[in-house]
Colleague: 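Sharing a structure with you now.
Ligands are counted one by one from 1 in listed order, and the atoms in each one are counted from 1 as well. Residues: numbered from 1 along the sequence shown. Values in this document were obtained by computation on a predicted structure and should not be read as measured data.
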Amino acid sequence: MRFTPLLATTFLTVSSVSANFNIASLNINTLVGNDLGPDNKYGAPIAPWLPNHKPGWYIGHSPTHYPELPCLRGFICRVLAFFPFHLQCPTPLPPPPPPPTPPPSDGYHQTFSNLTGATQAADYLTFGLVDTVADCKAMCNGVTGCDFVNTYHDVNGKGGSTQLTCSLFSQCHDASDADNVGGQTQADGTVDFITNSDGFCKDS
Ligand SMILES: *[C@@H]1O[C@H](CO)[C@@H](O)[C@H](O)[C@H]1NC(C)=O
């Protein structure tokens, strides 16, 4: 009989597979050094709360510390793959996602929020109207000695403006100084009051 190249290739492939299978099926327990089948509790027949228990396997980077245990990494994994009912090497989990990075600081920390009183203190520097808290902080950054901003709505005040009042100070203040609650009668007869009062101190 004359082998065609195709048949010869097929023959070689089949024989190499069966050679692998024969090697592995000789004795899986001898190959991996422990009986990793389910009947033997995958190498650890005695539960860990009972006397004389021993671990059945090791996973890690120090296999030389546990020469008596099959290390479920590397070549042994390819052998175990022939025995689907025996213990298999674990598929490593994906690395944990990196921790979320906090948003970059704007250089201020909040000392109080949403009070109904505005800061009144002797270290007052100036005040104006702004659209946003960020604009008030930016303003403070440009005023010499400014270390604290107080933003709030002066309802009925400031000519009826709905913008934020931005009040700047040279020292930090907490809620205890936010005691200007309005109460000033306006030209139109209304009385003003304070809402949404927030305080922000520059980080040292
Ligand atoms: C601020 O306080 C008022 C009551 O004074 C409340 O209605 C509002 O929901 C608060 N806002 C926030 C953002 O907490």
Colleague: What do you think, any protein heavy atom under 4.0 angstrom from atom 9 (O) of ligand 1?
Modeller: no

Colleague: Is atom 4 (C) of ligand 1 less than 4.0 angstrom from at least one protein heavy atom?
Modeller: no

Colleague: Is the distance between the ring centroids of Phe200 and Tyr108 less than 6.0 Å?
Modeller: no

Colleague: What protein heavy atom sits nearest atom 2 (O) of ligand 1, and how far off is it?
Modeller: Asn114 ND2, 2.3 Å

Colleague: Only pairs at least two apart or in different chains count here, so list each side-chain hydrogen bond (donor to acceptor under 3.5 Å, both in side chains) that has a residue in residues 155-165.
Modeller: Asp131-Gln163, Asp154-Lys158, Lys158-Thr165

Colleague: Side chains of Asp35 and His86: does their closest heavy-atom pair fall under 4.5 Å?
Modeller: yes

Colleague: Testing Pro70, Pro92, Pro90 for side-chain contact (heavy atoms from CB on, under 4.5 Å) with Ile59, which one passes?
Modeller: Pro90

